[in-house]
Amino acid sequence: MAVIAVHQFAQCITCHAWSPDQSMVAFCPNNNEVHIYRLVEDKWEKVHVLEKHDQVISGIDWSARSNRIVTASHDRNSYVWNLEGSEWVPTLVILRLNRAALCVQWSPKENKFAVGSGAKTVCICYYEQENNWWVSKLIRKRHDSSVTSVSWHPNNILLATTSTDGKCRVFSTFIKGVDAKDSKKGTSSDLKFGELIVQLDLSSSWTFGVKWSPSGNTLAYVGHNSMIYFVDDVGPSPLAQNVVFRDLPLRDVLFVSEKTVIGVGFDCNPMVFAADERGVWGFIRYLGERKTVSSGSTYGSQFSEAFGKFYGQSKHGVSNDAVETSKTRGAVHDNCINSIIPLGQHGILTRRFSTSGLDGRIVLWDLENEQDLLEL
């Protein structure tokens with residue numbers, strides 16, 4: 001198994017992020033605070049509590065270059081936190097939202113960040129030096145429902161979004177005066193702000209967890225219908241594939257290489273997907289076990305057993321803890337995994353990453369000894 005450490009920080013964690021040197025971790029324990037822990041002599045100690053939001057914090061991102069933390073919350077606000085001395089000082093972001101902020105991510109150059117919201121809009125935020133605040137430009141009237149996830153293309157201009165309207169979209173976020181104009185014709189910097197590059201109607205259910213591959217040539221996102229979608233040549237004529245799996249839906253994804261993806265979600269155990277030499281994507285195995293899930297009669301018996309337990313619960317009020325189908329696969333999480341974060345890269349490979357979930361755990365994973373994955 002690739003697990004190297006399991007840390008129980010709270011009863012529930014909604015989101016988490018790591019400091020640039022990975023010596024500190026910031027997370028929201030399902031309330032309006034951000035707790036920052038530092039590793040001191042092999043023990044995690046709470047060193048900061050960021051208190052500014054009024055409601056649950058739904059997104060955290062810690063910039064790798066500038067050491068700034070951005071947070072987004074159901075209170076419709078976002079703050080950028082700067083470390084001044086020994087204190088984190090918040091700077092207000094003008095979002096102009098009338099619904100909850102649901103997700104946030106810094107751009108690769110860290111001169112912008114994107115906030116997805118329940119107001120069917122995406123806020124692209126940048127800093128105004130003269131006013132000492134962060135302002136936003138809104139991508140409006142493109143989404144038909146809440147924006148659940150955002151992901152920046154490596155070129156710092158294109159942004160992918162997923163929504164509960166079942167669609168994945170790619171937009172241009174070029175802002176004059178913030179982004180540099182590319183001298184090459186036909187580049188993404190020639191597109192206007194908010195221009196829709198492509199709309200993918202592959203899913204018939206809510207969509208979550210969108211990510212670009214390291215090169216930016218492939219896009220992956222997941223649906224609430226237990227499917228994962230892969231899109232190459234994102235543009236007017238994209239090439240799309242989908243992979244159906246038997247188990248519970250995913251919530252987030254991460255490219256660990258150009259052809260290997262880790263998906264996490266309601267099944268409490270990371271799933272590995274990879275593309276073969278023909279470029280066809282498929283499910284490989286669970287990361288928490290060496291063998292793939294068996295099919296046929298075994299799966300049917302598992303389903304019947306789970307259904308029987310569920311039916312018994314509805315009649316007799318038995319606790320939901322009775323159904324632990326994921327634990328039989330060797331999972332270290334015992335509730336939904338809602339985020340997966342890379343921990344450094346070796347070229348185009350991401351060997352280490354962390355996951356957090358509704359069980360209040362942050363789990364560190366290392367693929368150093370997973371040769372079958374690294375060779376994919």
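Counting begins at 1 with the first residue of the sequence. Please read all numbers here as calculations on a predicted model, not as lab measurements.
Counting only heavy atoms from C-beta outward, the side chains of I139 and F193 approach each other to under 4.5 Å. Looking at R38 and S23, their side chains come closer than 4.5 Å, going by heavy atoms from C-beta outward.
None of T121, T161, D165, T162 except one satisfies the side-chain hydrogen bond (donor to acceptor under 3.5 Å, both in side chains) rule with H143; the exception is T161.
In this structure, the separation between NZ on K259 and CG on D276 is 9.0 Å, given to the nearest 0.5 Å. To the nearest 0.5 angstrom, W134 atom CH2 is 8.5 Å from C125 atom SG.
Salt bridge K112/D179: present, at least one basic N to carboxylate O contact under 4.0 Å.
The aromatic rings of F273 and F245 sit tilted, their planes meeting at an angle between 30° and 60°. The aromatic rings of W281 and F230 sit parallel, their planes meeting at an angle under 30°, below the 60° perpendicular limit. Between F9 and H7, the two ring planes are tilted [angle within 30° to 60°]. Aromatic ring orientation, Y37 versus H35: tilted (interplanar angle from 30° to 60°).
Heavy-atom contacts from other residues, nucleotides or ligands closer than 6.0 Å to CZ of R96 number more than 12.
Judged purely by atom type and a 3.5 angstrom limit, S73 uses its side chain to pair as donor or acceptor with the backbone of Q55.
For H74, there are no ring-ring contact (aromatic ring centres under 6.0 Å, His included) partners two or more places apart in sequence or in a different chain.
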